[in-house]
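Here's the structure, in structure tokens; my notes come after.
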Amino acid sequence: MNGLNIKQLLDEIIAQAMQQAGIEHPIAQIRQSQKLEFGHYQANGIMAAAKKNGYPPRVLAQKVTDILGDHAEFSFEIAGPGFINIRLKAAFIEQNIAQFSTTNSTSDGKQKTVVIDYSAPNLAKEMHIGHLRSTVIGDTAARVLESCNHKVVRANHVGDWGAQFGSLLAYLDQITVVGEEISSKLTDLEKFYQSASKLFRGDKEFAATARQYVVKLQSNDPQCYYLWEKFIGVSLDHCQSVYDKLNISLTIADVKAESAYNEDLPVIVKILQDKTLLTESDGAQCVFLDEFKGKNERPLPAIVRKSDGGYPYLATDLAATRHRSEIINADEVLYVVGASQQLHLRQVFAVARAAGFIGPEQIFRHLPFGLILKADGKPFKTRDGADVKLIDVLNEATDRALKLIKEKNSSMTEQEQLKVAEVVGIGAIKYAELSKNRTTDYIFDWDTMLSFEGNTAPYLQYAYTRIRSLFRKSSTDPSRLTNPISLQEDQEILLALRVLQLIEAIEAYLEDYQANILCNYLYELARSFMSFYEHCPILTESHQIKASRLQLANVTAQTLHSGLALLGIQTVERM
RNA sequence: GCGCUGGUAGCUCAGUUGGAUAGAGCAUCUGGCUACGAACCAGGAGGUCGGGGGUUCGAAUCCCUCCCAGCGCGCCA
């Protein structure tokens, strides 16, 4: 974003004044104040600097504020042990809100190519609740980076290879009559998976056949390959329908499946061998790096080829690093993968670096996330121990939203109600996910997850509809508003300031891709609007005030809309 | 055993990298709808920040130690 970053501006102004006061390498430590009585922003760096230079903190603070003098845009006040509380003058906010635009983008000018590895369902299973986090978190990162004009490569590293496909293909072959359309057998995927795995467990003959199919698949047997391709196609279509319903920006074109790296696997091993990184251990080809220790301080291998000649997923992941580094030429690669994979990914990155697959300037980074748990702290499963299907969660969400809509607003057409239920229900799920700290486990409870009150997506969406309603009521076209915004009431000033802080939220988000920072920002924005809306009449005011407040409401709506869009959450005109 | 996470209000979670009297939502209590939309607003109550040491002007945050929970630690992905 290249809009005004107030925090950054203040950082420069205060640091410069500190320097003039005799501080070397000053750090102003500007923060948004927690309480209004401490101003809009505060500088916390005076005390540390004073300490370091042997001044009494308040004396230094005085010196700095004297240098700053009677500023046109800010007022400064010394408080407590040596804080400088900063207040923005209304005129300053008015002037900047007039230039505000949500479509401004990146600052530092450097466009990066960022690969984001996310979602990555296993095609041998139906998508379940466990896929929600990676999918939603990764999609947000993709949207935010794109909004900052970076080039984003979405990489959906789907599992489409390996032993678990043996029984599926054997079963598919068994139930398919020659000449019959295969996809008709796969209309109910869930039933298909269950039948296949039931046979695999209960029928020894079938299990043996299934194992043969694994071998056949790996040796590119034509019939087997044909079945596999069909199966993968149907399975991917199923995933895509979930993505569409969830409003995820992934498409079929973003799929780069595990099998896509099959031909690279021997090459990877060869390179490792040529670089003398390989050691044979118990028949397996391993890379031993000093930094990895297993149980009892034994060296921990990264196994790139198993003793049976097969390749483990570490080999595939290595091939993927090479592709992303050398072919895509990524500046940064983000892996949105569960926290339990941490050691694995550390090994992947370390081996890839040792082998030269990753250049020294390239950043490969794991963005871990925790588990979704039940209220009792155990992993989230159905009563009989099965995974909860993602599509069921989404349907439950829209059903609940629809029910609520029917209670609250029956004037909409059936079709509109359904549309709004989708937007509200799906928004609630995504927001519930994104508003929590990425790295920790969290409790999934239907009622809190699908709550439509308080700090939730519907609250933000509701704020948006209230604004849209204002424009309907007053028959005003927001794009025709050209009048300036005049800020009188505290609620107006705080709301306008919030709007201007969007850029700070985005930059804070990009530090560590913690979406809850964006959520918190949007929630505070919506709250500020609600407060303004209650306190400041709009449509009943004189022309000038009315126009100003409508203008302020309009930039708020734009900010809510584009902020929610970064999270992949939509808005509606009515709800 | 070793490593990585985490332990904050009754519940679910924040806490901008060391700042002021630790904040939200839900639940609970008190007010506010012949509506610029009450999916809301204004306010109250609720805390030994797992325990104990330490570092300093200042600690939920950094260090040490102990307790508890989750995850990971050679050929599943």
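Side chains included, hydrogens not; waters and symmetry mates left out as well; all remaining heavy atoms used. A note on names: the letters A, B, ... follow the listed sequences, proteins ahead of strands, and every chain is numbered from 1.
- With a cut-off of 3.5 Å on both Watson-Crick or G-U wobble distances, the partner of B:U61 is given as none.
- At B:G74, none of the side-chain N or O atoms of A:Ser281 fall inside 4.0 Å of OP1 or OP2 (strictly under the cut-off).
- Whole-Å rounding puts the A:Ile78 CD1 to B:G19 C1' distance at 17 Å.
- The separation between A:Ile517 atom CD1 and B:U17 atom C1' is 11 Å, rounded to whole Å.
- Note on A:Tyr521: every side-chain N or O is 4.0 Å or more away from OP1 and OP2 of B:U16.
- Side-chain atoms of A:Asp160 stay outside donor-acceptor range of the base of B:A77, with no qualifying N/O pair under 3.5 Å.
- Pairing of B:G47, defined by two Watson-Crick or G-U wobble distances under 3.5 Å, is not identified with any nucleotide.
- As rounded to whole Å, 19 Å separates atom P of B:C11 from atom NZ of A:Lys374.
- B:C75 sits 35 Å from B:A14 when the P atoms are compared, rounded to a whole Å.
- Counting non-hydrogen atoms under 4.0 angstrom, A:Pro301 reaches a base of the nucleic acid.
- Residue pairs that meet the side-chain hydrogen bond (donor to acceptor under 3.5 Å, both in side chains) test with at least one member in residues 447-456 of chain A, sequence neighbours left out, are A:Arg400-A:Asp447, A:Tyr431-A:Asn455, A:Asp445-A:Thr448.
- Taking 4.0 angstrom as the limit, A:Asn516 places a side-chain polar atom (N or O) nearer than this to OP1 or OP2 of B:G15.
- Nucleotide B:A38 is matched to nothing when pairs are restricted to Watson-Crick or G-U wobble geometry with both distances under 3.5 angstrom.
- In this structure, A:Leu314 atom CG and B:G72 atom P are separated by 17 Å, rounded to whole Å.
- Put simply, A:Lys473 has a side-chain N or O that comes within less than 4.0 Å of OP1 or OP2 on B:G37.
- One N or O donor and one acceptor, one from the side chain of A:Gln42 and one from the base of B:A20, sit under 3.5 Å apart.
- With hydrogens and angles ignored, no donor-acceptor pair closer than 3.5 Å exists between the side chain of A:Glu37 and the base of B:A20.
- Note on A:Lys35: a side-chain N or O is less than 4.0 Å away from OP1 or OP2 of B:G23.
- Across all strands shown, B:G72 forms a Watson-Crick or G-U wobble pair, both distances under 3.5 Å, with B:C2.
- The base-pairing partner of B:A24, taking Watson-Crick or G-U wobble contacts with both distances under 3.5 Å, is B:U12.
- One finds no side-chain N or O of A:Lys436 lying less than 4.0 angstrom from the OP1 or OP2 phosphate oxygen of B:C13.
- Classification of B:U30 as anti follows from a glycosidic angle more than 90° from 0.
- Residue pairs meeting the side-chain hydrogen bond (donor to acceptor under 3.5 Å, both in side chains) criterion with at least one partner in residues 277-293 of chain A, sequence neighbours excluded, are A:Glu280-A:Gln285.
- Considering A:Tyr523, A:Phe452, A:Tyr464, A:Phe529 in turn, A:Tyr523 is the only one that fulfils the ring-ring contact (aromatic ring centres under 6.0 Å, His included) rule with A:Tyr459.
- As a whole-Å value, the separation of A:Arg466 CZ from B:C40 C1' is 5 Å.
- Here B:A39 is the nucleotide among B:C36, B:G19, B:A39 with the atom lying nearest to any side-chain atom of A:Pro458.
- Close to B:A77, at under 4.0 Å from its OP1 or OP2, lies no side-chain N or O of A:Tyr313.
- For the pair A:Asn520 CG and B:A14 C1', the interatomic distance rounds to 6 Å; values are reported in whole Å.
- Phosphate proximity of B:C41 to A:Tyr459: present, with a side-chain N or O under 4.0 Å from OP1 or OP2.
- Summarising the geometry, the separation between NE2 on A:His344 and P on B:C75 is reported as 14 Å, rounded to the nearest angstrom.
- At B:A42, one or more side-chain N or O atoms of A:Ser531 fall inside 4.0 Å of OP1 or OP2 (strictly under the cut-off).
- Stacking here means ring centres nearer than 5.5 Å and ring planes tilted less than 30 degrees, and by that measure A:Tyr462 does not stack onto B:G37.
- With hydrogens and angles disregarded, a donor-acceptor distance shorter than 3.5 Å links the side chain of A:Asn156 to the backbone of A:Ala120.
- With hydrogens and angles ignored, the 3.5 Å screen pairs no side-chain donor or acceptor of A:Glu573 with any backbone N or O of A:Arg468.
- Phosphate proximity of B:U17 to A:Arg31: present, with a side-chain N or O under 4.0 Å from OP1 or OP2.
- The 5' end of RNA chain B is approached more closely, in terms of each residue's nearest nucleotide, by A:Ser451 than by the other of A:Ser451 and A:Ala401.
- At B:C76, one or more side-chain N or O atoms of A:Lys306 fall inside 4.0 Å of OP1 or OP2 (strictly under the cut-off).
- An aromatic stacking contact between A:Phe83 and the base of B:G19 is absent, as defined here by ring centres under 5.5 Å apart and ring planes under 30° from parallel.
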